[in-house]
Amino acid sequence: MAYWLFKSEPATWSWDQQVAAGEAGTYWNGVRNHLAKKHLMAMQVGEQGFFYHSNEGKAVVGIVAVIRPYYPDYTDESGRFGMVDVKAVAALPRPVTLDAIKAEPDLAGMVLVNNSRLSVQPVSEAEWVRVRAMGGLG
DNA sequence: GCCAACGTTGGC
DNA sequence: GCCAACGTTGGC
């Protein structure tokens, strides 16, 4: 089981909208980066990821689960990129801010810290457990 | 196939 | 709103 982190600007697609999409979830489109694509392709149904608000908020705010594996992104005219479907699983009782992550030495290796521009990132199990705990989920 | 120019992202 | 970092594009 791998863990992931999905970045979204709340002005474009927010956690509240993800929650409103309910059990049916939504497609995670718009990825136009080959490394991010590689991560999308590696995702298995049932794997979970953090939902991160970039720019405005700058915090991990919730957890999503992959409900449909990689398939073509019809919004990509080049036909090169794809997407997965995700649904909201749980909100973090306390959002974990980028500042809090940067202040935590155990999380210094997170992709979010070292390659903040990557829109779909892998998260290690240790990072997953730690950020969940910081967010108030056991 | 190299690399300069350009566009985009996202933290500050 | 600025700008650094990075990815992509296109000329050669």
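Because the structure is predicted, anything quoted here is derived from the model rather than measured. Computed over heavy atoms, backbone and side chain alike; hydrogens, waters and symmetry mates excluded. We name chains A, B, ... by the order of the sequence lines, and we start the count at 1 in each one.
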Participant: Does anyone know the first and last nucleotide of DNA chain C in reach of chain A, 5' to 3', at under 4.0 angstrom to a heavy atom?
Facilitator: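 So the contact region on DNA chain C extends C:dA5 to C:dT9.
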
Participant: Can you list everything that forms a side chain to side chain contact (heavy atoms under 4.5 Å, CB included) with A:Gln17? Sequence neighbours excluded, please.
Facilitator: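 Here the qualifying residues are A:Trp13, A:Ser14.
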
Participant: How would you list all residue pairs meeting salt bridge (charged side-chain N to carboxylate O under 4.0 Å, His left out) that involve residues 25-34 of chain A, not counting sequence neighbours?
Facilitator: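 Pairs touching residues 25-34 of chain A that pass the test: A:Arg32-A:Asp73, A:Arg32-A:Asp76.
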
Participant: A:Lys38: what forms a side chain to side chain contact (heavy atoms under 4.5 Å, CB included) with it, not counting sequence neighbours?
Facilitator: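 Expected list: A:Leu35.
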
Participant: With a non-hydrogen cut-off below 4.0 angstrom, is A:Leu98 in contact with a base, only sugar-phosphate, or nothing?
Facilitator: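 Since only primed, P, OP1 and OP2 atoms lie under 4.0 Å of A:Leu98, the category is sugar-phosphate.
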
Participant: Listing request: all side-chain hydrogen bond (donor to acceptor under 3.5 Å, both in side chains) pairs with a residue in residues 53-63 of chain A, at least two apart in sequence or in separate chains.
Facilitator: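 Non-adjacent pairs meeting side-chain hydrogen bond (donor to acceptor under 3.5 Å, both in side chains): A:Glu9-A:Asn55.
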
Participant: Closer to the 5' end of DNA chain C via nearest nucleotide, is it A:Asn55 or A:Phe81?
Facilitator: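 The 5'-side residue here is A:Asn55.
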
Participant: Excluding sequence neighbours, so at least two apart, what forms ring pair (Phe, Tyr, Trp, His ring centres under 6.0 Å) with A:Trp128?
Facilitator: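 For A:Trp128, the residues satisfying ring pair (Phe, Tyr, Trp, His ring centres under 6.0 Å) (neighbours in sequence not counted) are A:Tyr3, A:Phe50.
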
